[in-house]
Amino acid sequence: MMQTTQVEVKKKMKKDFEPNIIGFLCNWCSYAGADLAGTSRMQYPPNLKVIRVMCSGRINPIFVINALQQGADGVLIGGCHPGDCHYERGNYLARRRYAILRELLDYVGIDPRRVRMTWVSASEGKKFADVVKEVTDEIRELGPIQQLKRENTW
Amino acid sequence: MVNEKQLRDEVKKLVSRDDVKYVIGYEQGTYGFQVTPSFAFTPEEAERFIFSPLCANNLSVYLMLEEKPPLRKGEKEDTRKVGLVVKGCDARAVVQILQEKGLKRESLVIIGVPCTGVIDPKKITVKFPHQIKPVDVREEGNHYVLTINGKNQKIPKDELLFEKCKQCEYPTPVIHDVLLGDEVKSTKKEEYKEIKTLEKKALKEKWEFWSKAFDRCIRCYACRNVCPLCYCKECIVDQLSPQWIYRSVNRSENTVWNLIRAYHLAGRCSGCGECERACPMNIPLTMLNKKIEKDIKELFQYVAGVNLEEKPLLAMFKPNDTEDTIL
Amino acid sequence: MKENPYQPWLATIDSICDEVGGQRAIKTFRLVFQDEKVREKFTFLPGQCVMVSLFGKGECFFAISSSPTQKGFIEVSVLKLGKVTSALHECEPGDVVGVRGPYGNHFDVSGWMGKNLVLIGGGIGQAPLRSLIKYVVDNRKQYGKLDIIYGARTSKDLCYTKDFAELKTCEDTNACLSIDVKEDGWSDFVGFVPDNLMRVNPSPKNAIAVTCGPPIMIKYVIQNLGKLGFSEDQIFTTLEMRMKCGIGKCGRCNIGNLYVCKDGPVFSYKQLQNIKGEQ
Amino acid sequence: MKVSTMEKYILLKNKLPEWINMITPTYTIFAPVKEEDLVFFKPITKPSEMTLAYSNAIVPPKAQMFHQTETMFTFTQGKNIRVNPASLPDEKIVVFGIRPCDAKSLSIIDPVFTNDFEDPYYLTKRKNAILVGLSCNQPTVNCFCTSLNGSPASPEHLDILLTDIGDKYYVELNSEKGKQLVEKTKKLFTPATDADSKKKKDVEKKAVDAITRQMKINNVDAFVKKLDTIFDAPYWKTIAMKCLGCGACTYLCPTCHCFDIQDETTLDKGARIRVWDSCMRPEYTLHASGHNPRPERMNRVRNRVYHKYNYYPKNHQMIACVGCGRCIDNCPVNIDIIDVITKAGEVKP
């Protein structure tokens with residue numbers, strides 16, 4: 001986990017800034033959706049680095065915050081549509097956590113648009129590609145993350 | 001406020017019982033306006049107990065701090081009850097612990113104190129910075145009467161009260177076995193004025209405010225240790241593999257620590273404000289906790305620590321929970 | 001200013017010997033300093049310790065299990081337990097680690113010349129004793145009788161089996177192994193180390209007893225040594241604590257006013273009786 | 001180092017900013033700065049930033065020599081491991097306005113960082129620092145330095161001590177370092193008269209009298225010995241009952257010097273960091289095997305008291321407490337070292 005999220009942000013001019021986005025995708029729906037987008041040769045931005053989790057309910061808020069700390073400019077959480085969770089209720093729980101986390105980030109001055117959540121089913125390859133595009137564009141617009149990032153001044 | 005004699009009698013009665021190990025209450029502190037936690041194992045020790053508007057500590061933290069050394073061969077677990085003096089906000093913390101099954105109800109005897117608010121030690125020390133001898137503080141209507149060197153001084157309650165007490169909605173313990181005195185009804189309503197003002201500010205301003213506060217943090221974890229609901233066996237900051245939060249004290253790690261601490265109390269914080277009181281660096285921690293409290297009230301119509309039967313906020317859901325920002 | 005005491009020298013893992021497998025695996029690492037000057041400069045005596053770092057994981061304090069009479073390398077035996085030791089067990093020959101030291105005091109090898117030695121070890125506790133055994137064997141003439149009592153839970157948990165095989169041929173040396181539970185094909189003693197000690201029944205006359213192992217074993221060994229007539233200043237033990245700096249500054253390894261890293265790890269039983277502190 | 005006959009001068013109060021301005025180009029000046037009702041030692045660029053109406057800084061100035069977070073060295077990871085020593089700062093610093101008790105604390109922890117193995121991080125900063133003290137004219141409620149042979153206006157352990165004696169400062173130069181600092185700016189100083197010296201004594205006496213809380217132990221040395229006899233007393237358990245196990249007392253203590261060492265990494269590089277640590281935490285002594293030599297709060301509370309009042313005097317002939325009162329001020333549950341020690345003196349062996 002730690003290793004894969006360790007990405008360096010290159011400080012470029014805003015217009016050609018390419019954000020690093022970490023995607024936590026659930027094994028049963030979103031990850032399969034991403035797979036479908038790939039096999040169907042749909043174009044979507046390469047900025048998303050995917051980490052597969054068994055369920056969106058597995059995502060501890062510290063995963064999200066740690067990703068931002070280690071250099072991600074944004075985080076996308078993907079789960080099954082409400083009612084479709086492989087474990088019945090994981091995505092419902094994730095939804096609550098996400099709502100609170102977003103508010104909290106906003107409150108301390110971190111743009112909440114950097115953390116997004118989406119429902120993508122295994123058949124929604126198109127939706128997945130669209131969401132990634134939308135999120136990437138939005139975060140590109142926001143620029144590199146200024147807060148939270150580890151300085152590693154040593 | 002509470003009749004101290006009644007309190008002591010009640011405690012004496014309790015500690016004389018065979019099924020009660022000890023009772024946790026307050027006693028006179030060592031200087032000035034200090035009040036300190038006290039443990040009565042015997043009726044004599046119960047003599048020390050007091051209750052005054054200076055009793056700010058949330059004693060329910062000691063329920064989870066009790067150390068249980070491994071049993072020796074042939075030794076039986078001590079299952080006797082622990083008695084506890086609680087105010088309104090403390091009782092909510094107890095309810096929350098019980099709700100999470102951190103403790104069993106039958107292991108506790110709760111002495112409820114209907115609370116009319118407690119004094120913020122920081123505020124009173126500013127007014128009397130050189131007070132060394134203990135001071136008698138009484139409540140009279142809208143004033144506190146302090147007896148210093150034989151002279152009485154009257155100070156309006158509002159000047160000394162904790163901010164949290166000014167908006168307290170649950171002054172009477174929601175859970176108790178014994179209630180000392182009459183129930184106090186609250187007409188107050190938590191308005192979250194401070195929170196709302198900060199919320200409306202620009203992201204940049206908010207970050208400036210918080211980063212300045214978090215920069216002061218020395219990570220002594222007094223906020224965590226004083227919190228009755230921070231009772232994880234291993235706290236995330238002490239965990240070594242994976243080490244989510246580095247021990248370096250810098251803006252990034254301090255921010256994450258403070259966010260995660262607040263988040264872990266989402267739907268659990270009873271608003272006793274102990275974290276802020278304990279913080280030696282004056283970080284406005286309740287402003288973080290209250291923000292989450294406000295959000296969950298608005299988003300999920302949930303209030304922590306008032307209903308023993310309810311499930312913890314983040315362990316349940318409603319099918320129609322908010323989906324506003326989900327793509 | 002002098003050399004930075006916190007900065008390790010680089011050393012390469014030359015070879016790894018699997019001593020014990022399974023859940024509580026033990027491996028012995030042979031480390032060779034990369035810098036030739038350091039290789040020459042680094043001298044130690046049995047009982048002393050080194051701080052081994054795995055960069056990115058952290059540092060751990062280990063007793064040196066090779067003897068100063070073996071030149072060119074040092075060996076440490078590592079029980080897989082925490083974050084660093086688990087990562088060390090993943091290492092392969094050729095990997096680079098950091099080493100600083102040697103730290104702490106040592107067995108009084110010059111003061112003990114001419115005496116009979118009784119060495120009682122259990123489990124991974126044998127590591128510092130192994131250094132002493134090798135030292136004594138290499139200087140065999142200068143010491144009297146050598147009794148080695150060593151035990152582990154099962155025969156598979158015994159370390160340094162190769163060394164013990166070699167010891168059989170060594171003169172005036174008596175190595176008695178034991179395991180806690182009976183096993184097929186085991187011809188030596190079955191039972192706990194303190195009991196094995198009573199069976200061997202070494203004489204306290206002109207003797208020094210050194211014991212190292214789990215705290216509970218040390219406790220009973222010392223009791224039994226007392227029964228055999230060993231006095232408090234004839235009994236020595238080595239202690240361990242959680243350590244960070246290794247040089248008596250970080251504060252955590254104190255027993256009373258003594259620091260295990262600096263004033264230990266070797267203590268006489270007499271010393272231990274006199275200090276007030278948690279062990 | 002110490003000068004045999006102390007030189008004494010007078011610096012008019014209105015000249016103080018000028019003096020600070022004159023030394024600012026050569027030294028980084030750490031001075032008391034107010035933030036959120038608290039006072040911190042922070043680097044200042046102009047005299048107006050500092051506040052001199054303060055009792056003491058919340059974080060002791062040990063933090064200027066012994067940083068809470070310190071990079072010990074960096075390294076590269078992977079196949080070609082290299083270790084790069086961290087550069088030690090050579091900037092000269094002046095800690096301005098340090099209280100005599102805090103200055104004493106630095107003398108107390110010096111041997112820890114000097115003994116056997118010299119600690120380059122602490123010692124470089126310590127050697128490059130000039131301590132310009134300011135007498136403590138208004139001790140706070142929990143000050144008790146006089147119980148431990150200290151004085152609110154003692155120039156001992158300081159390079160220079162300033163004492164506010166009305167409209168001017170009485171300046172005592174206590175070391176070669178201090179003398180040199182004044183030498184370069186001599187024109188601002190005038191020799192002190194006997195009347196000034198008397199005034200300083202009066203001010204000191206007034207401050208000493210203002211310290212009313214005292215540890216009631218008759219003989220410090222006897223008390224150190226006494227602790228040996230009450231190690232197993234149930235007393236420690238009663239003290240520890242209310243301890244929460246937070247690190248506020250230790251982090252804010254000017255003589256606590258324990259630290260933890262940790263590695264921090266990115267994919268290809270890393271650093272070995274040292275950070276303050278607290279003996280009040282169970283993790284502090286927890287072995288990887290799960291065994292903990294100090295498993296209960298009682299063990300840890302007792303260790304803290306003993307470390308200061310028994311172990312340290314045994315090793316370094318000094319009590320590792322200066323009586324600054326920070327641990328009392330900041331304890332959330334009113335564990336009061338004055339009270340703890342006083343009552344320990346009464347415990348029957």
Side-chain angles (χ1 to χ4, degrees), chain A residues 1-3 57 60-66 68-70 76-79 81-83 89-113 115-120 127-128 130-132 134-135 138 142 146-154, chain B residues 195 198-199 201-211 213-214 236-237 239 241-246 248 250-253 255-260 262-264 266-267 287-296 298-300 302 313-327:
Chain A
M1 236 303 304
M2 298 279 277
Q3 304 270 308
N60 186 326
I62 194 124
F63 293 5
V64 177
I65 293 180
N66 194 268
L68 296 176
Q69 242 192 321
Q70 296 205 50
L76 175 67
I77 300 166
H81 283 275
R89 42 188 284 176
N91 54 356
Y92 285 121
L93 299 178
R95 187 168 65 179
R96 283 201 156 182
R97 285 181 212 152
Y98 164 75
I100 298 171
L101 179 64
R102 246 180 92 98
E103 283 291 334
L104 185 61
L105 288 178
D106 184 34
Y107 186 63
V108 294
I110 298 159
D111 201 309
R113 285 174 292 176
V115 180
R116 298 309 296 264
M117 191 168 190
T118 179
W119 307 135
V120 172
K127 183 180 178 190
F128 180 79
D130 290 346
V131 165
V132 174
E134 191 187 330
V135 170
E138 196 168 57
L142 293 174
Q146 303 291 340
Q147 310 89 350
L148 275 190
K149 210 183 145 227
R150 276 186 182 148
E151 298 285 342
N152 295 338
T153 39
W154 22 273
Chain B
I195 314 289
L198 185 60
E199 266 176 354
K201 288 191 176 158
L203 283 173
K204 209 175 148 223
E205 275 177 87
K206 288 189 258 190
W207 176 247
E208 257 167 35
F209 174 82
W210 285 112
S211 55
F214 295 153
I236 197 155
V237 279
Q239 204 177 322
S241 56
Q243 192 174 28
W244 292 107
I245 303 171
Y246 284 154
S248 279
N250 56 41
R251 188 177 285 183
S252 169
E253 308 298 333
T255 307
V256 173
W257 156 246
N258 282 288
L259 290 184
I260 286 298
Y263 196 107
H264 197 188
M287 279 184 76
L288 276 179
N289 296 348
K290 286 272 171 196
K291 157 72 181 165
I292 299 180
E293 188 183 296
K294 167 178 166 290
D295 287 344
I296 60 170
E298 287 170 1
L299 293 170
F300 312 114
Y302 185 93
L313 172 83
L314 291 176
M316 58 162 182
F317 62 90
K318 285 185 193 141
N320 58 347
D321 279 342
T322 175
E323 290 231 340
D324 288 352
T325 57
I326 295 180
L327 294 165

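Letters A, B, ... are given to chains in the order of the sequence lines, protein chains preceding strands, and every chain is numbered from 1.
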What's the spacing between [X] [atom1] and [Y] [atom2] if we round to 0.5 Å?
X         : Y         : atom1 : atom2 : answer
Ser252(B) : Gln69(A)  : OG    : CD    : 3.5 Å
Leu327(B) : Lys127(A) : CG    : NZ    : 7.5 Å
Ile326(B) : Arg95(A)  : CD1   : CZ    : 6.5 Å
Glu199(B) : Asp106(A) : CD    : CG    : 7.5 Å

Tell me, please, which residues at least two apart from Trp257(B) pass side-chain hydrogen bond (donor to acceptor under 3.5 Å, both in side chains).
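Trp257(B) satisfies side-chain hydrogen bond (donor to acceptor under 3.5 Å, both in side chains) with no other residue.
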
Quick one: does [X]'s side chain get under 4.5 Å of [Y]'s, heavy atoms only?
X         : Y         : answer
Leu148(A) : Val256(B) : yes
Thr255(B) : Gln147(A) : no
Ile236(B) : Ile62(A)  : yes
Arg102(A) : Thr325(B) : yes
Leu313(B) : Ile100(A) : yes

Which bit of Val120(A) is near chain B, if near means a heavy-atom gap under 4.5 Å: side chain, backbone, both or neither?
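Answer is neither: Val120(A) stays 4.5 Å or more from chain B.
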
Judged by modelled atom types alone, do Trp119(A) and Glu323(B) share a side-chain donor-acceptor pair under 3.5 Å?
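The criterion, which ignores hydrogens and geometry beyond distance, is satisfied for Glu323(B) and Trp119(A).
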
Between [options], which shows the greatest number of heavy-atom pairs under 4.5 Å with chain B?
options                                   : value
Ile77(A), Val131(A), Leu105(A), Leu101(A) : Leu101(A)
Pro61(A), Pro82(A), Gly57(A)              : Pro61(A)
Val108(A), Ile65(A), Thr118(A)            : Val108(A)

In sequence, state the C-alpha distance, the side-chain angles, and the governing distance for Thr322(B) and Arg96(A), and then conclude on side chain to side chain contact (heavy atoms under 4.5 Å, CB included).
CA-CA 8 Å; Thr322(B) 175; Arg96(A) 283 201 156 182; over 6 Å; no

Is there a salt bridge (Lys or Arg N to Asp or Glu O under 4.0 Å) between Arg150(A) and Glu253(B) once you walk through the steps?
CA-CA 8 Å; Arg150(A) 276 186 182 148; Glu253(B) 308 298 333; 2.6 Å; yes

Which residue out of Leu259(B), Asn258(B), Asn250(B), Leu299(B) racks up the most heavy-atom pairs below 4.5 Å with chain A?
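Looking at each of Leu259(B), Asn258(B), Asn250(B), Leu299(B) in turn, Leu259(B) comes out on top.
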
Using a cut-off of under 4.5 Å on heavy-atom pairs, state which of Lys318(B), Lys204(B), Lys201(B), His264(B) scores highest against chain A.
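Between Lys318(B), Lys204(B), Lys201(B), His264(B), the count favours Lys318(B).
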
Of the backbone (N, CA, C, O) and the side chain (C-beta and beyond), which part of [X] lies under 4.5 Å from a heavy atom of chain A, both, or neither?
X         : answer
Leu288(B) : both
Leu314(B) : both
Glu205(B) : neither
Ile260(B) : side chain
Asp295(B) : side chain

Do Glu151(A) and Arg251(B) meet the salt-bridge criterion of a basic N to acidic O distance under 4.0 Å?
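Answer for the salt bridge query: no.
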
Check ring-ring contact (aromatic ring centres under 6.0 Å, His included) between Trp210(B) and all other residues, then give those that pass, not counting sequence neighbours.
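If we apply the ring-ring contact (aromatic ring centres under 6.0 Å, His included) test to Trp210(B), skipping adjacent residues, the hits are Tyr107(A), Phe214(B).
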
Minimum heavy-atom separation for Arg97(A) and Tyr263(B), please, with both atom names.
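Of all heavy-atom pairs spanning Arg97(A) and Tyr263(B), the closest is O-OH, 2.6 Å.
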
Stepwise side chain to side chain contact (heavy atoms under 4.5 Å, CB included) check, Met316(B) with Tyr92(A)
CA-CA 8 Å; Met316(B) 58 162 182; Tyr92(A) 285 121; over 6 Å; no

Would you confirm whether Lys291(B), through its side chain, and Leu104(A), through its main-chain N or O, come within 3.5 Å as a donor-acceptor pair?
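Checked: no pair found.
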
